[in-house]
Amino acid sequence: MCRLFALSAAPNHVRATFWLLDAPDSLAAQSRREPDGVGLGVFAADGEPIVHKRAVAAYQDSEFAREARELSSETFLAHIRYASTGGLAPQNTHPFTQDGRLFAHNGVIGGLDRLDRELGDAGSLVLGDTDSERFFALVTRYAREEHGDVARALVRAAAWVAENLPLYALNVLVTTPSELWALRYPETHELWVLERAPGGTHGGRHLEHASAAGTMRVRSGELTDAPAVVVASERMDEDPGWRLLRSGELLHVGPDLAVDAQVVLETPPAHPLTLADLSPHAAASQHPAPGAPARSR
């Protein structure tokens with residue numbers, strides 16, 4: 001299953017280290033199981049998005065691992081891809097960039113021909129073959145119509161897909177230089193949030209997040225003294241503050257780190273997909289990582 005990770009320390013600009021090769025529960029270890037691509041996205045001090053990604057397993061590309069090891073930003077977005085739609089190519093690797101925003105997705109959307117028609121002129125934003133990038137383009141189209149309101153655009157896009165297209169899962173993350181949005185829909189895949197106080201639960205501790213499923217490790221010494229909000233596909237440490245997003249819940253982390261969350265999609269998809277409905281390749285991409293609990297539908 002594709003893995004999602006996002007962190008906001010806004011308004012603080014902090015350094016975070018992503019281990020790709022050396023740790024057994026790192027992005028590289030996950031990529032040996034899910035070899036289609038790894039990506040990391042941040043924003044420069046001037047707000048320009050910077051994406052480091054490869055359409056190959058991280059353990060096969062030591063150059064990528066070295067250049068992605070330490071990043072500095074207010075917001076961070078990481079994704080490990082196991083392809084369900086679209087081939088192994090840079091243009092199909094997350095995170096994607098549109099209108100100065102970064103986007104990553106876990107799940108499967110069907111009916112892509114109809115989605116392409118709904119995109120209209122926004123179809124020109126799609127450079128690859130994935131359902132994920134198409135959905136992002138729909139969000140971007142609606143955001144332009146909503147005068148940049150990302151929350152309204154996400155709700156419109158997700159509601160349109162839920163009503164009109166076959167859908168297995170639509171867990172998405174969107175970041176800007178100072179904001180973060182997360183949507184879990186429906187209950188197919190988990191998505192967790194942690195509002196972390198400076199120094200963690202007991203104080204005085206740097207951030208050290210390592211997945212029990214062997215997906216990634218993230219460290220930030222600067223979060224000893226600064227708060228952060230983390231969203232991930234699974235709990236990344238033993239902090240009791242982790243909370244599972246509800247099905248249909250949209251979470252927003254503002255530029256002052258204020259968190260707002262509400263259920264915006266209350267009904268299930270009109271055309272739900274099961275693993276049995278997917279191609280073998282797509283179904284394989286949706287299985288939980290080893291060590292993560294399986295969820296049936």
Side-chain angles (χ1 to χ4, degrees), residues 2-16 18 20 27 36-55 58 64 67-81 86 89-107 109 122 124-128 130-144 146 148-154 157-158 170-184 191 193 216 218 220 228-233 250-255 257:
C2 296
R3 313 307 293 175
L4 299 169
F5 178 91
L7 182 151
S8 175
N12 297 303
H13 202 91
V14 301
R15 290 190 300 272
F18 291 76
L20 304 184
L27 281 168
D36 296 313
V38 175
L40 300 167
V42 297
F43 291 88
D46 63 0
E48 188 70 18
I50 302 171
V51 176
H52 306 267
K53 61 184 180 180
R54 294 290 187 276
F64 171 77
E67 95 186 9
R69 184 167 296 163
E70 183 173 271
L71 304 171
S72 179
S73 185
E74 292 185 20
T75 62
F76 301 79
L77 181 56
H79 184 272
I80 302 170
R81 181 179 185 240
Q91 62 267 30
N92 291 331
T93 306
H94 307 224
F96 301 105
T97 305
Q98 294 177 14
D99 282 9
R101 306 181 190 98
L102 295 174
F103 172 94
H105 164 238
N106 176 32
I109 304 170
S124 63
L125 297 169
V126 180
L127 305 178
T130 66
D131 53 346
S132 304
E133 191 183 18
R134 286 175 166 92
F135 179 77
F136 187 23
L138 186 63
V139 173
T140 300
R141 174 198 155 180
Y142 290 160
R144 291 171 176 176
E146 298 288 352
D149 190 324
V150 175
R152 288 179 62 88
L154 276 167
L170 187 64
N171 282 9
V172 302
L173 298 174
V174 178
T175 57
T176 66
S178 61
E179 295 181 85
L180 162 65
W181 292 263
L183 173 68
R184 180 191 181 207
L191 195 61
V193 60
M216 65 180 72
V218 183
S220 177
V229 177
V230 180
V231 181
S233 297
L250 176 65
L251 179 131
H252 173 237
V253 184
L257 220 59

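Model, not experiment: these values are computed from the prediction.
- Within the 4.5 Å cutoff, no side-chain heavy atoms of Thr175 are placed close to those of Trp181.
- With contacts defined as side-chain heavy-atom distances shorter than 4.5 Å, the pair Leu251/Val253 qualifies.
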Do Val231 and Leu4 pass the side chain to side chain contact (heavy atoms under 4.5 Å, CB included) test, and can you show the C-alpha distance, the side-chain angles, and the key distance before you say yes or no? CA-CA 8 Å; Val231 181; Leu4 299 169; over 6 Å; no
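- Every residue two or more places apart in sequence or in another chain that forms a side chain to side chain contact (heavy atoms under 4.5 Å, CB included) with Glu133 is listed here: Phe96, Gln98, Val126, Leu127, Thr130.
- Nearest heavy-atom pair, Pro49 versus Leu102, reported as atom, atom and distance to 0.1 Å: CB-CD2, 4.0 Å.
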Test Leu7 against Val229 for side chain to side chain contact (heavy atoms under 4.5 Å, CB included), laying out the working first. CA-CA 6 Å; Leu7 182 151; Val229 177; over 6 Å; no
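- Without hydrogens or angle criteria, Asp131 side chain to Ile109 main chain gives a donor-acceptor distance under 3.5 Å.
- In this structure, Asn12 contributes its side chain and Val14 its backbone to no donor-acceptor pair below 3.5 Å.
- Considering only heavy atoms from C-beta on, Thr75 comes within 4.5 Å of Phe43 through its side chain.
- When the side chain to side chain contact (heavy atoms under 4.5 Å, CB included) test is applied to Ala6, the partners found at least two apart in sequence or on another chain are Leu77, Leu173, Leu180.
- In this structure, Val150 and Arg101 have side chains that are in contact, with non-hydrogen atoms separated by less than 4.5 Å.
- The shortest side-chain heavy-atom distance between Leu40 and Phe76 does not fall under the 4.5 Å cut-off.
- Between Leu257 atom CG and Glu179 atom CD the span is 11.5 Å, to the nearest 0.5 Å.
- Arg144 has its side chain within reach of Asp99: a pair of non-hydrogen atoms, C-beta onward, lies under 4.5 Å apart.
- Using a 4.5 Å cut-off on side-chain heavy atoms (C-beta onward), His13 and Ser72 make contact.
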